[in-house]
Amino acid sequence: MNVRVRFAPSPTGFLHIGSVRTALFNWLYARHTGGTFVLRIEDTDTARNTEQSLRTILDGLAWLGLTHDEGPYFQSQRAAIYRQRVKQLVDAGMAYEREGAIRFKMTREPIVMNDLIAGKVTRELGDREVNDPDFVIVRSDGNPVFHFVNVVDDLEMKITHVIRGEDHLSNTPKHIALFRAFGVEPPKYAHIPMILNKDGTKMSKSDPDPVKARLASLTGYIEDGYLPEAVRNYLCLLGWSPKDDRQVLPIEEVIQKFDLPQVLRSNAKFDAAKLEWMNGQYINRLTGEELDRRVTGIPGADVAYRRRVLELLKSKVTLLKQFPERTKYFFTDDFPVEPVDAALLGKLADRYACVPTWDAASLEAGLKALATELGVKTGQLIHPCRMAVSGQTVGPSLYHMLEVLGRDRVLARLRKT
RNA sequence: GGCCCCAUCGUCUAGAGGCCUAGGACAUCAGAUUCUCAAUCUGGGUACACGGGUUCGAAUCCCGUUGGGGCCGCCA
């Protein structure tokens, strides 16, 4: 069977991190099976459908590398198809008009679903449904509703596997009944569990807590300097596991191993700290050259110098946005310095002025020799030196830092204090 | 209220009846690296929600309880 899956977001103006995971699992399944990944924009709710909202979705998916093979299709352009399908049901006596709306005659029997992830699920009618199981498929204003267009599109687009959030599990009987009304077998369903905040609440961009609100949409991660491959890798591990002890794995391997029955059935809580750790892992694996292409906000026209600075700092950094702040002193003399022993640093400057070659090894040897002569611990020279040249108490290995900074800057800063 | 799903360290997970006095990762704590730490290394603590079964034997199977999540719209 030729697998066809789809990601069908609604253009709401942001991409929810849970939707991103759903898109990822669809994409993984398509790539794993050699199938087709369809993108469909569910823009039937005209009230919140904007050009910008579409851009957010397209840019977000592109950022993550989740490229679609077909589409995007727009529900707003498919009204004729829906009208025809409504007519089909009405003509067949399976839908009827009431109070201006068109309602579907829902079966009264419990519906059995064989979900690829949740397993066999039998849904009885709820207390309200028992009295009136039928549901509206076309509003009195003439617009078809989500459940209807969703099914019609999946049918028309020959979707074979519907991989979506578990919040749709309870809706699935309606969808199955509609497929049967159209005389076709419903697709296979795979409902993936939800992603919740660490405290178990729903992730929402309108959460009163700004920290939690920011975690809910993809935009924040892009702005904060997360690498797409790190976000993608982290998301793969929410509800799925390679079943060995590795956390960082190439996407090619995930594609090869990923399958629906192995997806966990329980909800996952989002661990921002682990994501950040993972991002640091990915940053550390990039070269200075690669980092220079991705990091913005680093001044200076000297490309080679920028690359060396990024290379030097990368192991200390977990977010790209940290680079400009932490590398500031490489590009400017304008930073505050706490008081240090000027006489002592003057001697170090004199020593460094005649160091044979300006490299970490020579600088280390020079500093240690001076410390011995003066009868002080190396730390008594190292810490003031770091402060004088960087204004910081923490940073990369001092000697490597001095090497990258270069002779002129270092001597000037040591003597300036 | 009804219906549905779920339940292993704080978090993500491994575990598909004996390999488990439960493994890995993040986080955390303690050491180390006699140059810091925001890096790295080493080590520690921390979990099978509870109660019944089934079985020689259960984290693994069944039932119940509790807890968490979801759906019950002319929203998607």
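Values below: all heavy atoms of this structure, side chains included; hydrogens, waters and symmetry mates excluded. Throughout, a chain's letter reflects where its sequence line sits, starting with A, and its residues are numbered from 1. In this text the structure is predicted, and so the values were computed from the model without any measurement.
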Compare the minimum distances between each of B:A38, B:G24, B:C72 and the side chain of A:Gln247, then state the nucleotide with the smallest one.
-> B:G24
With both distances kept under 3.5 Å, what pairs with B:A16, Watson-Crick or G-U wobble?
-> none
Looking across every strand, which nucleic acid part, if any, lies under 4.0 Å from A:Glu276 by heavy atom: base, sugar-phosphate, or nothing?
-> nothing
Which one, B:C26, B:C74, B:A76, comes nearest to the side chain of A:Ala273?
-> B:C26
Residue whose closest nucleotide on RNA chain B lies nearer the 5' end, A:Val394 versus A:Lys174 = A:Val394
RNA chain B-proximal residues of residues 264-271 of chain A, any heavy atom under 4.0 Å = A:Leu264, A:Arg265, A:Ser266, A:Asn267, A:Ala268, A:Lys269, A:Asp271
Of the nucleotides B:C4, B:A39, B:C37, which has the atom closest to the A:Leu169 side chain?
-> B:C4
Checking B:C74, B:C12, B:A76 against the side chain of A:His147 (C-beta onward), the nearest is B:A76
Would you mind telling me which residue lines up with the more 5' stretch of RNA chain B, A:Arg246 or A:Lys198, judged by nearest nucleotide?
-> A:Lys198
Counting only distance, no hydrogens or angles, is the base of B:C74 paired donor-acceptor with the side chain of A:Ser140 under 3.5 Å?
-> yes
Calculate the interatomic distance between A:Leu196 atom CG and B:U11 atom P; express it in whole Å.
-> 12 Å
If we only count heavy atoms from C-beta on, is the A:Val309 to A:Phe323 side-chain gap below 4.5 Å?
-> no
Looking across every strand, which nucleic acid part, if any, lies under 4.0 Å from A:Gly239 by heavy atom: base, sugar-phosphate, or nothing?
-> sugar-phosphate
When you compare B:G69 with B:U11, how far apart are their P atoms, in angstrom units rounded to a whole number?
-> 14 Å
For the residue pair A:Phe146 and A:His175, does the interplanar ring angle fall in the parallel (under 30°), tilted (30 to 60°) or perpendicular (over 60°) class?
-> perpendicular
Any residue meeting ring-ring contact (aromatic ring centres under 6.0 Å, His included) with A:Tyr329, in chain and number order, not counting sequence neighbours = none
Hey, does the side chain of A:Lys243 come within less than 4.0 Å of B:A14's phosphate (OP1/OP2), counting only N and O?
-> yes
Looking only at atom P, what distance separates B:U66 and B:A25, rounded to whole Å?
-> 38 Å
Sugar-phosphate, base or nothing in reach of A:Ser397, heavy atoms under 4.0 Å | base
Can you figure out which of B:A76, B:A14, B:A27 approaches the side chain of A:Ser241 most closely?
-> B:A14
Are A:Arg246 and A:Glu253 side-chain neighbours, meaning at least one heavy-atom pair lies under 4.5 Å?
-> yes
Side chain of A:Lys316 (C-beta onward), nearest among B:C37, B:C74, B:C72 = B:C37
How about A:His161 and A:Arg4: does a side-chain donor come under 3.5 Å of a side-chain acceptor?
-> no
Scan A:Thr393 against the nucleic acid and name what it touches under 4.0 Å (heavy atoms): base, sugar-phosphate only, or nothing.
-> base
Touch check for A:Pro396, heavy atoms < 4.0 angstrom, all strands: base, sugar-phosphate only, or nothing?
-> base
